[in-house]
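Down below is the structure, laid out as structure tokens.
All values below come from the heavy atoms of this structure, side chains included, with hydrogens, waters and symmetry mates left out. Reminder, nothing fancy here: chain letters follow the sequence lines and each chain counts from 1.
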Amino acid sequence: MTHPYQSLPKRNFWRSGVAEVNPLEWTDLYYKRFEIAPSDGVASAGSCFAQHIGRQLAQRKFRYLDFEPPPEALPKKQRASFGYGLFSARYGNIYTARQLRQLMDSALGAFTPEVQVWEKDGRFFDPYRPSIEQGGFSSAEEAIALRQRQHLPAVRRLFSETDLFIFTLGLTEGWISKRDGAVFPICPGVIAGDFDASEHAFHNFTYPEIFADMCAVIERARSLNSAMRFLITVSPVPLTATATDQHVLSAATYSKSVLRAVAGDLYAKYPFVDYFPSYEIITAPATRGVFYEPNLREVSPAAVNVVMSHFFREHAAPSAKPADAPARASAAADEADILCDEEKLDPVRG
Amino acid sequence: MHLYVLGDSHTVALGQGYRPEMAAEAGLAKITIAKLFSSPKTEKQFFTVDADGIGFLDEADAALQDATGATRLSRAPDAAFAFMVGFTTTKLIRRDTWRTHAPWRLSHVPTDHYLSDAALDQIVRDYNRHVIDFYAAVAALGLKAAAIIAPPPRPDDLAISEVGIAPDIVLAVDAAARRCVAGELQKLSIPMIAPPDEVYDGAPGASFLKLKYGKPQGRDLHHANKDYGRLMIGHVIAQSAALFAR
């Protein structure tokens with residue numbers, strides 16, 4: 001008797017593909033769906049983990065785009081605290097698909113949130129990117145002006161000019177404004193602003209919502225930029241905290257499962273969307289948690305290198321320096337400069 | 001009583017404007033005016049502090065000795081200092097940064113990117129960090145000291161004519177840098193001596209140097225001339241006299 005499994009390669013079997021292989025010697029984990037040409041402009045966004053990806057691409061001389069580069073006169077050690085050099089624009093961490101969709105809608109003039117500013121101790125913060133100036137802005141006028149005149153035009157350019165957009169899905173949980181459904185990257189009151197149960201609601205985005213949001217972003221982006229491709233990843237970083245009534249382990253597992261399912265179905269639906277298994281590499285039982293820092297949440301720099309080695313095995317780094325472009329990545333910051341809003345939910349850091 | 005007017009190359013114009021009788025007219029025994037270094041020196045560590053006082057590095061060390069007969073600035077009951085240090089923004093305003101970035105308040109100026117107040121403040125604070133440290137050392141030493149505010153940028157500065165930076169950006173960056181140092185001096189209770197309103201081609205403290213006060217020499221498009229020096233040294237002497245009463 002014959003059956004299809006008999007002709008499958010070793011990578012298709014748990015025993016020969018995972019259990020009997022040293023995790024540092026895994027091969028064939030990822031096959032690229034398309035090439036990344038040296039001339040391709042690459043942009044990234046997403047959760048904290050996405051900062052690692054962008055950084056490594058820039059270091060390997062991919063044409064990593066930065067649409068809000070830092071002023072050269074700003075000292076390098078200060079740039080991350082102003083949100084420079086973390087992603088391809090100064091949007092800060094984008095944890096949910098709804099956040100990404102909202103950002104795109106805002107940049108394209110399709111949505112203007114009612115709440116424009118948060119305040120804390122006499123300083124003012126952009127509610128949709130509260131960490132990009134860690135001391136806040138000097139006035140509400142400044143926060144709003146820089147969003148409207150500096151940031152959103154940069155995001156518009158990003159969607160128009162990027163060839164490959166890399167997005168890391170981070171969370172399903174979020175906080176929204178009851179006034180207009182605007183989603184915040186972090187609960188009001190944690191970094192700035194004031195939590196008000198009459199104004200703010202918790203929402204755990206569902207699979208249908210997340211899938212619909214990602215499809216909307218992808219299709220809208222392609223309508224602006226028909227050649228744009230996407231690389232989706234899922235962050236292996238668990239939740240700092242859950243606002244559900246579940247144990248954080250259950251809540252995190254739910255979140256990552258939903259996000260992984262969305263990523264898989266986007267890959268199945270669109271031939272120009274690729275999926276990279278950074279989540280699996282870090283979280284597989286075979287790795288026994290060694291890729292995490294002692295807090296079992298942050299991913300170690302060595303682990304990031306292991307993850308990216310699988311990526312670069314398929315996508316070799318460009319051999320020559322790419323030609324100068326209007327938006328070129330600024331010098332990569334140190335690995336120590338990963339800034340994670342979500343960590344602020346837990347005042348006691350392990 | 002001996003007034004020492006020491007500092008960067010803007011001191012030269014003050015020396016050119018000085019008349020020997022000014023000391024007696026002010027009731028001072030002597031006035032010494034000397035350039036110690038050129039302003040780019042202050043972008044790096046340019047002084048030392050030890051038990052004997054404040055010393056200067058490199059060529060400024062010899063210049064201090066020539067001017068004061070000593071290798072250190074130190075407290076003396078009959079000595080006061082007016083430092084032309086810390087308000088010269090020439091290297092800062094000519095940086096390429098300002099071709100692509102502008103302060104957000106200048107929304108009328110086309111640029112690639114706008115900067116927050118905090119980011120601009122960080123830039124000027126970094127530029128001025130050694131100057132701020134210097135004045136902290138001056139205050140800690142208890143010197144009778146004032147800070148002389150350098151002449152404003154010229155409307156024909158190379159920042160505008162060659163680097164291609166918008167004039168409004170030059171003025172805004174210059175003003176931010178000066179505000180940064182002035183703020184620190186206020187905290188240290190070190191008085192500042194500002195140029196007279198007459199030298200500005202517009203609002204005092206917020207406009208360029210009138211070209212008639214600019215030094216007309218080749219590519220030297222940031223120094224003032226002896227006419228400026230004549231106006232300014234009078235201010236310096238008059239306001240420095242109060243230091244001796246402290």
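Listed by chain and number, the residues in a side-chain contact (heavy atoms from CB on, under 4.5 Å) with B:A140 amount to none (sequence neighbours excluded). The ring-ring contact (aromatic ring centres under 6.0 Å, His included) search around A:F195 returns A:W175, A:H200, not counting sequence neighbours.
Contact annotation for A:A73: both backbone and side-chain heavy atoms come within less than 4.5 Å of a heavy atom of chain B.
Residue pairs meeting the disulfide (SG to SG under 2.5 Å) criterion with at least one partner in residues 121-161 of chain A, sequence neighbours excluded, are absent.
A:L146 CG to B:L115 CG: the interatomic distance, rounded to the nearest 0.5 Å, is 8.5 Å.
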Chain A and chain B: which donor-acceptor pairs fall below 3.5 Å?
residue, atom, partner, partner atom, Å
A:P69, O, B:H101, NE2, 3.0
A:E72, N, B:T97, OG1, 3.4
A:E72, OE1, B:T97, OG1, 2.8
A:E72, OE2, B:R95, NH2, 2.5
A:A73, N, B:T97, OG1, 2.9
A:E133, OE1, B:S116, OG, 2.9
A:E133, OE2, B:S116, OG, 2.6
A:S138, OG, B:D117, OD2, 2.8
A:E142, OE2, B:W104, NE1, 3.2
A:E142, OE2, B:D117, N, 2.6
A:R149, NH1, B:W104, O, 3.2
A:Q150, OE1, B:Y114, N, 2.7
A:Q150, NE2, B:H113, ND1, 3.3

